[in-house]
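Because the structure is predicted, anything quoted here is derived from the model rather than measured. By convention in this document, chain letters (A, B, ...) are assigned in the order of the sequence lines, proteins followed by strands, and residues within each chain are numbered from 1. Heavy atoms only: backbone and side chains are in, while hydrogens, waters and symmetry mates are out.
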There are 2 protein chains.
Amino acid sequence: MTTDYSGGGDVSKSLELLWGMQQRPTRGPKPGLTLERIVEAAVAVADAEGLAALSMRRVAAHLGVGTMSLYRYVPGKAELLDLMLDHVAGPVTEEPAAGEPARAEPGDWRAALEEMARGVWRMCLDHPWYPLVDQVRPLLGPNNMAGMDALIRRLQPTGLGDRERVLMISVVDGFVSAVARSQVNAMQAEQRTGITEEEFWAAQEPVLIKMMESGRFPTLAALHENTFTFTYEDVFEFGLKVVLDGLAVVVEGAGRARTSD
Amino acid sequence: MTTDYSGGGDVSKSLELLWGMQQRPTRGPKPGLTLERIVEAAVAVADAEGLAALSMRRVAAHLGVGTMSLYRYVPGKAELLDLMLDHVAGPVTEEPAAGEPARAEPGDWRAALEEMARGVWRMCLDHPWYPLVDQVRPLLGPNNMAGMDALIRRLQPTGLGDRERVLMISVVDGFVSAVARSQVNAMQAEQRTGITEEEFWAAQEPVLIKMMESGRFPTLAALHENTFTFTYEDVFEFGLKVVLDGLAVVVEGAGRARTSD
DNA sequence: GCTTCAATGCGTACGACGTACCCGGTTCAG
DNA sequence: CTGAACCGGGTACGTCGTACGCATTGAAGC
């Protein structure tokens with residue numbers, strides 16, 4: 001099927017599983033597995049062997065059960081992916097217990113978005129399959145909703161409308177996910193092919209040199225030698241600053257509009 | 001194999017095909033196919049049926065030949081993807097023939113990046129499989145190199161170094177690709193599942209309402225009703241402005257550093 | 001305590017995929 | 001004219017998600 005999409009299965013079934021709404025039937029033998037264990041096994045397989053290697057057979061083998069046994073707990077692979085996504089969103093470990101300290105801080109929106117960006121980035125390194133799953137149609141599980149709630153709250157002092165605040169989050173999240181996806185793809189390309197990044201570019205070098213000498217690409221030929229020696233982390237840091245600087249323009253615009261009211 | 005990566009095959013083989021370096025053997029029957037026709041057929045299949053439906057069998061069927069015949073022309077699916085990527089980059093249709101008009105324009109960097117962004121966006125709509133291919137390890141074909149050369153040249157007047165200019169391009173391209181990927185995923189999710197975006201959210205509504213009433217997510221519960229009624233095109237426009245505004249900070253910084261030299 | 005019957009476990013099978021291998025037919029160099 | 005090189009493509013293998021069906025289990029109803 002090559003799923004790799006969130007919300008690709010039976011939505012209401014996924015939601016029931018996410019929020020734990022289901023009564024155990026009284027008849028029949030007791031189940032030998034739990035949803036929790038299956039989801040954890042799936043995450044373990046994906047962490048260790050990559051998203052491409054995540055299969056129902058592999059997950060079952062990891063648990064020491066037959067493949068089809070999983071289908072007693074989960075409608076299919078698509079729904080299992082939804083559960084994995086909310087699972088790694090984890091119990092939000094925020095500790096705002098110290099009496100709402102950040103509320104008055106005027107620049108806190110920037111810190112809030114930067115923390116989110118770095119959190120997503122870190123999670124993508126911990127679970128390299130995460131940015132490879134296309135999160136259209138995100139299932140709203142408990143962990144993700146809690147994170148969203150807290151983040152939107154911290155954007156409140158900007159005075160922006162609900163739509164703008166959600167758009168800001170979309171832009172930051174979209175950017176971070178994109179760079180993270182490139183990053184883990186590069187790592188996995190190295191494992192999959194056994195060819196390092198350096199070796200890959202070295203393989204292109206003969207053709208490149210010939211083309212540079214042809215005079216067809218004068219600007220490329222004139223580029224400094226170390227032009228392409230940046231890491232994905234460099235792109236992340238550079239781009240995060242750019243995006244936040246751009247969002248600052250939006251926030252300041254709203255601030256000016258309010259004071260002139 | 002579930003390829004969906006650029007540069008996943010034999011790199012030097014792909015390059016030879018891209019740049020047309022290969023002598024036709026003199027012996028044996030004349031080939032009934034050409035690389036060109038195969039690549040065009042593959043693009044046609046992917047355009048019409050999506051990346052997931054792109055298979056060697058389907059491409060061969062579209063050409064009316066046996067599946068294995070394709071392997072006389074292309075080492076494998078991975079290399080075929082590389083050829084498709086450069087093919088749709090197309091002959092660059094820039095017309096800077098009118099005597100280098102933009103060179104003096106100080107804000108031209110912004111127009112250049114915006115044109116690129118809109119070009120990528122348009123291409124993603126024409127070829128919905130394009131943003132779904134992970135472009136780690138991009139193969140440098142003639143069309144892509146010509147586009148890069150022209151773009152970097154237009155960023156020259158910013159006075160930024162080579163690295164910064166390439167980073168700027170990476171950030172814009174990364175952002176546009178990310179939004180475009182979401183956009184086409186949403187479109188295809190609708191086709192695949194037969195469930196529209198509205199129906200999807202309606203399916204989540206009962207659970208959402210219950211959670212809103214629970215008081216666990218006060219900020220989400222207080223959001224205005226039309227908060228999530230934006231399109232991907234809205235995100236693209238909003239985010240493009242944000243990114244370009246952020247890059248303006250970088251460009252201005254370079255300008256100030258130069259004048260204070 | 002015995003019967004009933006839903007629920008659990010999981011083996012088998014199907015149709016998709018990329019492609020390795022091999023064979024028969026075709027065409028040109030010598 | 002002959003042999004080598006090249007073309008087309010059929011078959012087969014191992015992968016995937018999962019539909020289907022069947023034996024086993026164990027609590028509910030009597």
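To the nearest angstrom, P of dC6(D) lies 18 Å from CG of Leu33(B). Computed from coordinates, the Met56(A) CE to dA19(D) P distance equals 10 Å when rounded to whole Å. Rounded to an integer number of Å, the gap from Arg72(A) CZ to dG21(D) C1' is 10 Å. One atom, NZ of Lys77(A), and another, C1' of dT18(D), lie 12 Å apart when rounded to the nearest Å.
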Within the sub-3.5 Å range, which N or O atoms of nucleotides 11-15 of chain C have a protein N or O partner, and how far apart are they?
none

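Using a 4.0 Å heavy-atom distance criterion, Ser55(A) is classed as a sugar-phosphate-only contact. Using a 4.0 Å heavy-atom distance criterion, Leu54(B) is classed as a sugar-phosphate-only contact. At the heavy-atom level, Leu70(B) lies nowhere under 4.0 Å from the strands shown.
Counted by atom type alone, Tyr73(A) and Glu79(A) present zero donor-acceptor pairs between their side chains at under 3.5 Å.
Applying the 4.0 Å criterion to OP1 and OP2 of dC20(D), one finds that Tyr71(A) has every side-chain N and O outside that range. For the OP1/OP2 pair of dA27(D) and a distance below 4.0 Å, the side-chain nitrogens and oxygens of Lys30(A) include at least one atom meeting the criterion. The phosphate of dA16(C) has neither OP1 nor OP2 within less than 4.0 Å of any side-chain N or O from Arg58(B).
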| said: Determine whether Met211(A) and Leu220(A) satisfy the following criterion, side-chain contact (heavy atoms from CB on, under 4.5 Å), listing intermediate values before the conclusion. | reply: CA-CA 10 Å; Met211(A) 289 308 136; Leu220(A) 290 180; over 6 Å; no
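The salt bridge (charged side-chain N to carboxylate O under 4.0 Å, His left out) pairs that include a residue from residues 34-55 of chain B are Glu49(B)-Arg58(B), where partners are two or more places apart or lie in different chains.
You'll find the side chain of Phe175(A) stays beyond 4.5 Å of the side chain of Val120(A), heavy atoms only.
When every heavy atom of Gly50(A) is checked against every heavy atom of Gln188(A), the shortest pair comes out as CA-NE2, 4.5 Å.
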What side-chain donor-acceptor pairs closer than 3.5 Å can you find for residues 202-210 of chain B, not counting sequence neighbours?
from      : atom 1 : to        : atom 2 : distance (Å)
Gln204(B) : OE1    : Leu140(A) : N      : 3.2
Gln204(B) : NE2    : Pro138(A) : O      : 3.2

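The side chain of Pro29(B) sits closest to dC6(D) out of dC6(D), dT18(D), dG18(C).
For the pair Asp173(A) (side chain) and Ala117(A) (backbone), a donor-acceptor distance under 3.5 Å is absent.
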